[in-house]
2 protein chains.
Amino acid sequence: MRNNTIGSLIWLRLMRFTNQSNQMSNEFLKRFDLTTAQFDVLIQVRTYQPLTQMELAEKVTVTQGGISRMLARLEKEGYIVRKQDWKTKTISLTDKAEAIMEQVLPEQLAFQSSFFDDVLSEEEQKTLYALMSRVHKHSEKKEIPPA
Amino acid sequence: MRNNTIGSLIWLRLMRFTNQSNQMSNEFLKRFDLTTAQFDVLIQVRTYQPLTQMELAEKVTVTQGGISRMLARLEKEGYIVRKQDWKTKTISLTDKAEAIMEQVLPEQLAFQSSFFDDVLSEEEQKTLYALMSRVHKHSEKKEIPPA
DNA sequence: TATTTTAACTTGACTAGTCAAGTGATGGTG
DNA sequence: CACCATCACTTGACTAGTCAAGTTAAAATA
């Protein structure tokens with residue numbers, strides 16, 4: 001009667017799981033004085049620096065406004081610097097953030113992995129990754145059906 | 001060098017996908033003047049009404065404070081009513097919400113399903129659901145490793 | 001019965017994000 | 001060369017959520 005399609009069941013699971021694991025990740029990262037969202041942004045900056053806000057927004061799938069606010073917070077905390085450069089702002093990590101990331105990154109990767117390593121075999125993880133990749137890629141091309 | 005474990009790759013995919021599909025769902029539900037979060041709450045209330053805020057918070061994995069604010073918004077919009085009953089508040093849908101849900105539910109289920117129906121076979125969807133169920137259930141029992 | 005405890009809910013101060021309107025410097029065109 | 005458009009970014013008003021401290025009414029206890 002309710003939630004009856006297999007797709008909607010998957011959807012629910014995905015939502016609940018990501019919600020749950022996000023909260024746990026936040027708790028985990030508290031020891032480094034970071035949130036999951038901040039970590040996500042810092043990783044992208046570290047990987048692609050120097051880059052503009054537009055580019056960064058795209059990478060973390062957040063709007064221009066969202067990235068502007070997030071960077072304001074990160075700048076206040078001394079994790080990143082924005083340099084007005086031409087008509088764009090170029091973002092890069094501070095030494096402080098660089099040092100923290102060096103320390104956090106392996107731990108966070110291990111933490112993320114443990115959600116899957118503990119219950120799925122290598123083979124199953126590959127299957128899950130392949131399925132989710134297809135679903136994700138498709139969703140990026142998807143259009144909202146008209147009203 | 002970065003993001004190298006299979007687990008962390010899955011994690012990223014899940015996060016990006018749920019983020020993406022959530023935004024699309026919000027866009028889709030705009031025609032009914034609802035957000036995804038509101039729809040999620042209304043579905044739970046509809047299924048289990050009458051229920052307390054504690055129970056509801058548990059079902060949608062949100063804190064007490066979060067559900068309190070959400071219900072305040074939904075009440076303001078005339079979707080639900082809270083009755084002080086004993087020392088708890090009992091939540092139920094208004095006729096207005098009941099009518100809307102009747103209309104939205106099948107459409108939203110179809111919308112959610114389309115993320116998977118379009119790219120995965122029935123068999124693959126079952127596999128994905130089974131894998132995610134295991135991962136999700138495990139995460140609920142999981143403990144944050146000590147610092 | 002008066003007093004404390006407790007359980008359910010609310011609220012203030014945040015993070016994180018959205019959308020849409022507002023800035024401000026760059027660069028093209030009359 | 002002055003004006004206007006455009007592009008990158010910011011900001012005001014929201015939704016949605018967190019945590020921790022604050023209510024408040026019922027229950028338990030002295």
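Here is how names work: the chains are called A, B, and so on, in the same order as the sequence lines, proteins then strands, and each is numbered from 1. All values derive from a computational prediction rather than experimental measurement.
In this structure, CE of B/M70 is placed 4 Å from P of D/dG17, rounded to the nearest angstrom. With rounding to whole Å, B/L51 atom CG is found 9 Å from C/dC9 atom P. Rounded to whole angstrom, the span from the CG atom of A/D33 across to the P atom of C/dT15 amounts to 12 Å. Taking atom CG of A/D40 as the reference point, atom C1' of C/dT15 lies 15 Å away to the nearest angstrom. Between the CD atom of B/E58 and the C1' atom of C/dC9 there is a distance of 16 Å, rounded to whole Å. Computed from coordinates, the B/R73 CZ to C/dT11 P distance equals 13 Å when rounded to whole Å. Atom pair A/K30:NZ and C/dC14:P shows a separation of 16 Å (rounding to whole Å applied). Atom CG of A/N19 and atom P of D/dA16 are 14 Å apart (whole Å).
Side chain of A/Q49 to backbone of A/L93: a donor-acceptor contact under 3.5 angstrom is found.
Between A/N22 atom CG and B/W11 atom CH2 the span is 5.5 Å, to the nearest 0.5 Å.
The side chain of A/T35 places an N or O atom within less than 4.0 Å of a non-bridging phosphate oxygen (OP1 or OP2) of C/dA16. One finds no side-chain N or O of A/Q64 lying less than 4.0 angstrom from the OP1 or OP2 phosphate oxygen of C/dA20. Using a 4.0 Å cut-off, some side-chain N or O of A/T63 falls inside it from OP1 or OP2 of C/dT18.
Taking only side-chain atoms of A/Q23, from C-beta outward, the nucleotide of C/dT10, D/dT15, D/dT18 with the closest atom is D/dT18. Side-chain atoms of A/M54 lie closest to D/dA8 of the nucleotides D/dA8, C/dA16, D/dG17.
A salt bridge is defined here as a Lys NZ or Arg NE, NH1 or NH2 lying under 4.0 Å from an Asp or Glu carboxylate O, and A/R134 with B/E124 meets this definition.
Each of B/G66 and A/Q53 has a nearest nucleotide on DNA chain D; the 5'-most of these lies closest to A/Q53.
Hydrophobic clustering (ILVMFWY, side-chain heavy atoms < 4.5 Å, transitive): A/I43 and A/V81 are in distinct clusters.
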May I have the list of side-chain donor-acceptor pairs in residues 58-68 of chain A shorter than 3.5 Å, sequence neighbours left out?
from: A/T61; atom 1: OG1; to: B/N19; atom 2: ND2; distance (Å): 3.4
from: A/T63; atom 1: OG1; to: A/G66; atom 2: N; distance (Å): 3.2

